[in-house]
Amino acid sequence: LPPLDDTFAKSWEASDVKGLREGVRQDLQHELNEKSNRTLRNQLVQSLLQPLTFDLPESAVLAETRNVVYEIVRDQQQRGVGKDLIDKNKDEIFNVANAAARERTKAAFVFQKIAEKEGIKVEPSEFHSRVFAMAKSLEMPADKLLKDMEQKGGTEKLVEQILNEKVVDFLQRHAKIEDVPA
């Protein structure tokens, strides 16, 4: 390992070892805060959705199941899982995907109702900011990404994603949150 000195710190764009340690500490704290916030948001959504029971349109559930199956298969392929193993577990993949799709569909309906009732909307500037950020992370022009999304029907999904995030933000701001022992 290289020595932990100012030269090493400068290779990581820190002024010295003390600055490097502080930067690492801040990064770890930020990561912990993000994880805590995600956990809180997930618990908030679960506590909202869990007691609700209503019939879901099977066409919407099947469409979302298909999306989740594609996500699972793509993820497994990226991890190096072979097609034969994926085929062998297709029933299990479908069952997991269907359960996730039911939750997503349920959340989509509830979030849509909350957005309507509370007047939550996605502004064009929010949409374009998200497209720009995505394009930057993908290292491609924003107009090309937008055209690709329009051709594949991805713009509606992105608007829905932003709206859902805004609804959860709204819920988080207005929720009565209490810490309880694990």
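Since the structure is predicted, the reported quantities are computational estimates derived from the model, not experimental observations.
Taking N37 as the reference, Q172 meet the side chain to side chain donor-acceptor pair (under 3.5 Å) condition, with sequence neighbours excluded. Taking the side chain to side chain donor-acceptor pair (under 3.5 Å) definition, one finds that R173 meets it with nothing, sequence neighbours left out.
A salt bridge links D169 to R41: at least one charged side-chain nitrogen sits closer than 4.0 Å to a carboxylate oxygen. In summary, D143 and K147 do not engage in a salt bridge, as defined by a charged side-chain N under 4.0 Å from a carboxylate O. Under 4.0 Å is where a charged nitrogen must lie from a carboxylate oxygen, and between K83 and D87 at least one such pair does. Residues D148 and K144 are paired through a salt bridge, judged by an N-O separation under 4.0 Å between the basic side chain and the carboxylate. A salt bridge links E126 with K166; the closest basic N to acidic carboxylate O contact falls under 4.0 Å. Ion pairing of R74 with E71 is absent here, as no side-chain N (NZ or NE/NH1/NH2) approaches a carboxylate O to less than 4.0 Å.
In this structure, the side chains of F111 and E160 stay at 4.5 Å or more apart for every pair of heavy atoms. Residues F127 and E123 fail the side-chain proximity criterion, which asks for heavy atoms closer than 4.5 Å. Taking the side chain as every heavy atom from C-beta outward, I177 and Q43 never approach each other to under 4.5 Å. Looking at L163 and K121, their side chains never come closer than 4.5 Å, going by heavy atoms from C-beta outward. The shortest distance between side-chain heavy atoms of V110 and F54 falls below 4.5 Å. The side-chain heavy atoms of T7 and K10, taken from C-beta on, include no pair separated by under 4.5 Å.
A distance-only check finds a donor-acceptor pair linking the side chain of H174 to the backbone of F170 [under 3.5 Å].
Placement of I162 and L145 within a single hydrophobic cluster is found when ILVMFWY residues are connected by side-chain heavy-atom separations under 4.5 Å, directly or transitively. At a threshold of 4.5 Å between side-chain heavy atoms, the hydrophobic network of Ile, Leu, Val, Met, Phe, Trp and Tyr places V96 and L56 in two separate groups. The cluster map of Ile, Leu, Val, Met, Phe, Trp and Tyr, joined by side-chain heavy atoms under 4.5 Å apart, puts L146 and L138 in the same cluster.
Here the straight-line distance linking atom CG of L48 with atom CG of L171 works out to 6.0 Å at 0.5 Å rounding. For the atom pair I93 CD1 and K88 NZ, the distance stands at 12.0 Å (nearest 0.5 Å).
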Go through the steps to decide whether R38 and E165 satisfy the test salt bridge (Lys or Arg N to Asp or Glu O under 4.0 Å), and finish with yes or no. CA-CA 11 Å; R38 272 193 314 274; E165 290 170 10; over 6 Å; no
Hey, mind stepping through N42 and Q46 against side-chain hydrogen bond (donor to acceptor under 3.5 Å, both in side chains) and telling me if it holds? CA-CA 6 Å; N42 287 339; Q46 283 306 109; over 6 Å; no
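Heavy atoms from other residues, nucleotides or ligands lying under 6.0 Å from CD of E31 number 12 at most. At most 12 heavy atoms of other shown residues, nucleotides or ligands fall within 6.0 angstrom of atom CD in E92. Other residues, nucleotides and ligands contribute only 12 or fewer heavy atoms inside 6.0 Å of the CZ atom of R79.
Shortest non-hydrogen contact noted between T105 and V61 is OG1-CA, 4.0 Å. When every heavy atom of A135 is checked against every heavy atom of A142, the shortest pair comes out as CB-CA, 3.5 Å.
If you chain together ILVMFWY residues whose side-chain heavy atoms come under 4.5 Å of each other, L28 ends up grouped with L4, F8, W12, V17, L20, V24.
Counting only N and O atoms by type, the side chains of N98 and R102 include a donor and acceptor under 3.5 Å apart.
Two rings, from F132 and H128, have their centers 6.0 Å or more apart.
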